[in-house]
**Q** 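If you scroll down you'll find the structure; I have some questions about it.
Read the numbers this way: they start at 1 and go in the same order the structure lists the ligands and their atoms. For reference, positions follow the sequence shown, starting with 1.
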Amino acid sequence: MNEITIIKPDDWHLHFRDQDMLFETVPATARCFERAVVMPNLVPPVTTAALALSYKERILAARPAGSTFMPVMTIYLTDKTSVQDIKDAKKAGVLAAKMYPAGATTNSDSGVNSLESLYPVFEALADNGMLLLIHGEVTQKHIDIFDREKEFIDQHMVKIVERVPHLKVVFEHITTKEAADFVLSAREGVAATITPQHLLLNRNDMLDGGIRPHNYCLPVLKRSTHQQALRAVVKSGSPRFFLGTDSAPHAKHRKESDCGCAGCYSAWSALELYTQVFDELDALDKLEGFASFYGADFYGLPRNTETVTLVRESWEVPSNITLPNGELHCAVFCW
Ligand code: NCD
Ligand code: ZN
């Protein structure tokens with residue numbers, strides 16, 4: 001098969017950043033995605049309905065002419081988020097709230113320290129038909145970084161899912177067999193997003209033969225057995241797993257640094273990279289469900305109706321992108 005046409009996909013997890021960067025990131029995503037769930041980890045974070053609405057306006061203003069692309073807005077949970085904040089967000093059309101354990105990843109300093117006190121907020125999300133999106137890693141420094149996702153499942157995820165049985169939960173950017181197994185056997189209303197880098201790469205691609213900072217993201221790449229487990233679940237066609245690129249641009253000098261930051265900017269090539277994975281797995285017939293159906297179904301949104309056609313041909317992804325202010329960004333991880 002050298003060409004496939006599928007319903008236009010959506011990206012259920014990405015980072016657009018703000019201001020001038022939007023004129024780079026929004027067109028990159030609108031190129032082949034109809035909707036995208038926009039992460040709220042700006043500085044300061046998008047914690048309220050009002051902030052989400054103004055951020056949405058800035059995103060819409062950065063769409064290419066004629067684009068029908070629509071951002072799906074989220075708010076950022078902190079220790080101070082109240083039930084009223086959730087009600088206000090619902091009224092403003094915000095569909096989901098993102099929970100970052102404090103310090104887990106880029107711009108998560110204002111994240112949640114005490115999960116226990118957030119249960120009324122989780123209940124409010126469920127009562128209002130909103131989703132809880134979770135960055136599922138513990139932040140305890142004594143826990144090995146490669147085990148932090150598994151630890152989060154054992155310490156928190158099981159409890160959240162059980163204690164709020166009517167809450168829809170997305171386990172974001174899963175990276176381990178344990179997470180895939182957890183989602184597969186969880187109650188209804190639990191799903192996961194998977195990034196292109198976690199399907200295409202494992203930790204050897206980050207550390208073997210030299211450190212490759214452009215392959216550093218969080219949760220960090222794991223050993224190949226985990227990569228294989230993720231590839232197996234997308235090949236299975238389970239509707240619990242859907243596309244979320246976690247596209248997360250950073251200036252080149254901030255990644256190539258003594259203490260390089262986490263995040264891979266994949267928007268310019270994400271759909272093609274996922275397609276490559278499904279092709280390698282001899283499962284191109286499962287791409288459309290993963291990319292275009294299961295996320296919309298889980299969020300309770302209509303499926304898209306337009307189509308996109310993917311053609312098999314070689315293509316050099318640009319490795320750098322220069323912004324109008326001269327700043328250099330990396331376009332893709334090393335692949
Ligand atoms: C993301 C970012 O840069 O905002 N980085 C990353 O490594 N994925 C944050 C996140 O989703 O963890
Ligand atoms: Zn992310």
**Q** So, using side-chain contact (heavy atoms from CB on, under 4.5 Å) as the criterion, who are the partners of N202 when residues are at least two apart?
**A** N204, D205, S224, Q227

**Q** Which side-chain hydrogen bond (donor to acceptor under 3.5 Å, both in side chains) pairs, counting each pair once, include a residue from residues 114-125, with sequence neighbours left out?
**A** S114-S117, E116-R163

**Q** May I have a table of the N/O to N/O pairs between ligand 1 and the protein that fall below 3.5 Å, each row giving the two atom names and the distance to 0.1 Å?
**A**
{"residue": "ligand 1", "atom": "3 (O)", "partner": "R17", "partner atom": "NH2", "Å": "2.8"}
{"residue": "ligand 1", "atom": "3 (O)", "partner": "T106", "partner atom": "OG1", "Å": "3.2"}
{"residue": "ligand 1", "atom": "3 (O)", "partner": "H250", "partner atom": "NE2", "Å": "2.8"}
{"residue": "ligand 1", "atom": "3 (O)", "partner": "A262", "partner atom": "O", "Å": "3.1"}
{"residue": "ligand 1", "atom": "4 (O)", "partner": "H15", "partner atom": "ND1", "Å": "3.3"}
{"residue": "ligand 1", "atom": "4 (O)", "partner": "R17", "partner atom": "NH1", "Å": "2.9"}
{"residue": "ligand 1", "atom": "4 (O)", "partner": "R17", "partner atom": "NH2", "Å": "3.4"}
{"residue": "ligand 1", "atom": "4 (O)", "partner": "N41", "partner atom": "ND2", "Å": "2.8"}
{"residue": "ligand 1", "atom": "5 (N)", "partner": "A262", "partner atom": "O", "Å": "3.1"}
{"residue": "ligand 1", "atom": "7 (O)", "partner": "L218", "partner atom": "N", "Å": "2.7"}
{"residue": "ligand 1", "atom": "7 (O)", "partner": "A262", "partner atom": "O", "Å": "3.3"}
{"residue": "ligand 1", "atom": "7 (O)", "partner": "G263", "partner atom": "N", "Å": "3.2"}
{"residue": "ligand 1", "atom": "8 (N)", "partner": "L218", "partner atom": "O", "Å": "3.0"}
{"residue": "ligand 1", "atom": "8 (N)", "partner": "D246", "partner atom": "OD2", "Å": "2.7"}
{"residue": "ligand 1", "atom": "11 (O)", "partner": "H15", "partner atom": "NE2", "Å": "3.1"}
{"residue": "ligand 1", "atom": "11 (O)", "partner": "D246", "partner atom": "OD1", "Å": "3.1"}
{"residue": "ligand 1", "atom": "12 (O)", "partner": "T105", "partner atom": "OG1", "Å": "2.6"}
{"residue": "ligand 1", "atom": "12 (O)", "partner": "H135", "partner atom": "ND1", "Å": "3.4"}

**Q** Is the number of heavy atoms from other residues, nucleotides or ligands under 6.0 Å of Q84 CD greater than 12?
**A** yes

**Q** Do L230 and L184 share a hydrophobic cluster, counting only Ile, Leu, Val, Met, Phe, Trp and Tyr and linking them when any side-chain heavy atoms are less than 4.5 Å apart?
**A** yes

**Q** Examine the side chains of Y294 and E288 and answer whether a donor and an acceptor come within less than 3.5 Å of each other.
**A**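 Looking only at side-chain atoms, E288 and Y294 do not form any donor-acceptor pair under 3.5 Å.
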
**Q** Within less than 2.8 Å of the Zn ion (ligand 2), how many protein N/O/S atoms are there?
**A** 3

**Q** Regarding R303 and the six-membered ring of F293, is the cationic atom NZ or CZ under 6.0 Å from the ring centre and inside 45° of its axis?
**A**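 Judged by the rule (NZ or CZ under 6.0 Å from the ring centre, within 45° of its axis), R303 counts as positioned above F293.
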
**Q** Could you check whether H198 and H226 have their ring centres less than 6.0 Å apart?
**A**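 So the answer is no for these two rings.
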
**Q** For F182, which of M157, E149, K177 qualifies under side-chain contact (heavy atoms from CB on, under 4.5 Å)?
**A** M157

**Q** Return yes if some donor-acceptor pair links the side-chain N/O of T176 with the main-chain N/O of A179 below 3.5 Å, else return no.
**A** yes

